[in-house]
Amino acid sequence: MTQQRTPLVEMRDISISFGGIHAVDSASVDLFPGEVVALLGHNGAGKSTLIKILSGAYRRNAGEILINGQPVEINNPRDAKQFGIETIYQTLAVADNVDAAANLYLGRELRTPWGTLDDVAMEAKAREVMGRLNPNFQRFKEPVRALSGGQRQSVAIARAILFDARILIMDEPTAALGPQETAQVGELITQLKREGIGIFLISHDIHDVFDLADRVFVMKNGRVVGHARTQDVTKDEVLGMIIMGKVPPGAVAGPGAAQMA
Ligand SMILES: Nc1ncnc2c1ncn2[C@@H]1O[C@H](COP(=O)(O)OP(=O)(O)OP(=O)(O)O)[C@@H](O)[C@H]1O
Ligand SMILES: [Mg+2]
């Protein structure tokens with residue numbers, strides 16, 4: 001008998017409307033430990049909205065969310081954090097004028113028994129976590145402002161890891177980065193997978209994420225067109241799903257699949 005793995009995240013039949021617009025319409029996605037799932041689709045397809053329901057920014061109108069197989073209520077970002085869900089936004093929430101260690105501990109600084117800031121302990125922990133994620137990173141003493149986009153990403157991700165994130169949401173993580181920095185984020189993602197963290201990568205550009213992803217889900221008009229393992233489909237076939245809603249043989253059709261004559 002094969003053992004059925006439990007998904008880290010399951011979103012089932014999720015819907016949300018804004019006024020009359022069905023931004024997300026009965027969409028289902030799942031994510032396993034150590035897996036990268038790309039969420040693809042044109043501008044306005046509903047990707048960010050679906051994932052904001054997982055991160056607690058929006059409340060769904062219908063559907064279910066399961067974490068490790070258990071139904072959960074996520075009503076705000078605090079709930080999401082309690083389930084180990086962290087979001088890395090494209091506009092990175094890092095404090096530019098302080099260094100990496102200060103960023104990792106922003107708002108929950110370590111203190112000595114005398115109540116003063118424990119800079120030594122914070123820097124040691126920062127070196128440990130950053131060293132795991134990005135061994136080449138050495139610029140611990142500089143304000144984050146002086147770092148490259150890829151290095152800033154690693155600071156933001158290290159911060160999430162320090163919060164015990166098990167589920168990482170990255171919305172357009174490489175959109176503002178150059179090729180070298182994009183490669184750096186790719187290495188970071190590989191390292192996070194090794195640690196068993198599950199990652200949702202959201203992008204409107206398949207080229208940004210196809211090679212990083214284990215599976216892709218394609219959304220169109222708020223619905224899931226289909227999903228596939230990246231090893232079972234070509235980039236062109238996924239483009240066909242994004243543009244025409246056409247589901248190739250290697251993919252599983254969702255409720256948003258086009259009715260092909
Ligand atoms: N707060 C909101 N109020 C009203 N409409 C919204 C809101 N958020 C999203 N929408 C609408 O929901 C739909 C889906 O938007 P969403 O931001 O999820 O798309 P997306 O797939 O992330 O697109 P992009 O690639 O441009 O980021 C769009 O039609 C958008 O206008
Ligand atoms: Mg978006």
Side-chain angles (χ1 to χ4, degrees), residues 9-31 36-65 74-80 85-93 149 152-153 156-157 160 167-177 182 185 189 198-213 215-228 230 233 235 237-247 251 253-258:
V9 180
E10 251 188 291
M11 298 182 81
R12 288 185 189 157
D13 301 322
I14 301 288
S15 296
I16 188 170
S17 301
F18 299 107
I21 299 169
H22 294 289
V24 174
D25 187 1
S26 204
S28 301
V29 294
D30 56 7
L31 174 72
V36 175
V37 165
L39 206 52
L40 294 164
H42 276 318
N43 293 124
K47 309 178 296 290
S48 293
T49 304
L50 176 63
I51 229 64
K52 279 179 183 167
I53 290 171
L54 184 62
S55 67
Y58 294 148
R59 290 180 67 168
R60 67 192 189 281
N61 299 140
E64 266 196 302
I65 303 174
I74 297 176
N75 293 321
N76 52 54
R78 208 167 354 102
D79 289 348
I85 301 164
E86 290 281 343
T87 310
I88 311 287
Y89 292 101
Q90 182 184 336
T91 48
L92 286 177
R152 292 159 60 93
Q153 285 261 354
I157 293 169
I167 300 154
L168 216 54
I169 299 166
M170 301 174 80
D171 199 344
E172 308 276 355
T174 57
L177 304 181
T182 300
V185 172
I189 287 172
I199 303 171
F200 277 119
L201 275 186
I202 303 162
S203 182
H204 65 274
D205 186 350
I206 182 176
H207 303 292
D208 283 348
V209 295
F210 190 80
D211 294 335
L212 293 171
R215 285 188 299 148
V216 295
F217 280 77
V218 174
M219 290 186 75
K220 196 174 170 62
N221 302 327
R223 317 196 84 187
V224 173
V225 170
H227 62 92
T230 45
V233 287
K235 259 190 197 181
E237 286 174 331
V238 177
L239 271 172
M241 282 206 272
I242 294 171
I243 297 166
M244 294 170 290
K246 181 173 184 286
V247 182

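Please read all numbers here as calculations on a predicted model, not as lab measurements. Indexing begins at 1, ligand by ligand and atom by atom, following the structure's order.
- Scored by the side chain to side chain contact (heavy atoms under 4.5 Å, CB included) test, A253 finds V247, A257 as partners (sequence neighbours excluded).
- Distance check for atom 3 (N) of ligand 1: a protein heavy atom is found below 4.0 Å.
- If you number the atoms of ligand 1 from 1 as listed, the ones under 4.0 Å from a heavy atom of A23 come out as 12 (O), 13 (C).
- A distance of 8.0 Å separates OG in S15 from NE2 in H22, rounded to the nearest 0.5 Å.
- Between F18 and Y58, the ring planes lie perpendicular to each other; the angle is over 60°, past the 30° to 60° tilted range.
- Interface atoms of ligand 1 facing A45, defined by a heavy-atom separation under 4.0 Å, are 19 (O), 20 (P), 21 (O).
- Assignment of H42 to the shell around ligand 1 is supported, since a heavy atom sits closer than 4.0 Å.
- S26 and D13 make their closest contact through OG-OD1, 3.6 Å (heavy atoms, listed as atom of the first residue, atom of the second, distance).
- Remark: side-chain polar atoms of R215 are paired, donor with acceptor, to backbone N or O of D30 under 3.5 angstrom.
- Atoms of ligand 1 found under 4.0 Å from any heavy atom of H204 (numbered from 1 in listed order, with element): 25 (O).
- Looking at atom 1 (N) of ligand 1, its nearest protein heavy atom turns out to be Y58 OH, 3.2 Å.
- Partners of L212 under the side chain to side chain contact (heavy atoms under 4.5 Å, CB included) rule, at least two apart in sequence or in another chain, are I189, L201.
- Annotation: atom 18 (O) of ligand 1 to nearest protein heavy atom, T49 OG1, 2.5 Å.
- Remark: minimum distance from atom 29 (O) of ligand 1 to any protein heavy atom is reached at G44 O, 4.1 Å.
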Return all side-chain donor-acceptor pairs below 3.5 angstrom for residues 40-48, not counting sequence neighbours, or 'none' if the list is empty.
residue, atom, partner, partner atom, Å
K47, NZ, G41, O, 2.8
K47, NZ, H42, O, 3.0
S48, OG, D171, OD2, 2.8

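- With waters neither drawn nor counted, the protein N/O/S atoms under 2.8 Å from the Mg ion (ligand 2) amount to 1.
- Scanning all protein heavy atoms for the shortest distance to atom 27 (O) of ligand 1 gives S48 OG, 3.9 Å.
- Contact between I14 and V24 at its shortest, heavy atoms only, is O-CG1, 3.2 Å.
- No donor-acceptor pair closer than 3.5 Å links the side chain of S203 to the backbone N or O of D208.
- With hydrogens and angles ignored, the 3.5 Å screen pairs a side-chain donor or acceptor of K220 with a backbone N or O of I243.
- Contact annotation: G41 has no heavy atom less than 4.0 Å from any atom of ligand 1.
- Closest to atom 25 (O) of ligand 1 among all protein heavy atoms lies K47 NZ, 2.8 Å.
- Not one N or O on the side chain of T87 forms a donor-acceptor pair closer than 3.5 Å with the backbone of S55.
- Of all heavy-atom pairs between R59 and I16, the closest is O-CD1, 3.3 Å.
- Regarding atom 26 (O) of ligand 1, its nearest protein heavy-atom neighbour is N43 ND2, 2.9 Å.
- For atom 6 (C) of ligand 1, the protein comes within 4.0 Å by at least one heavy atom.
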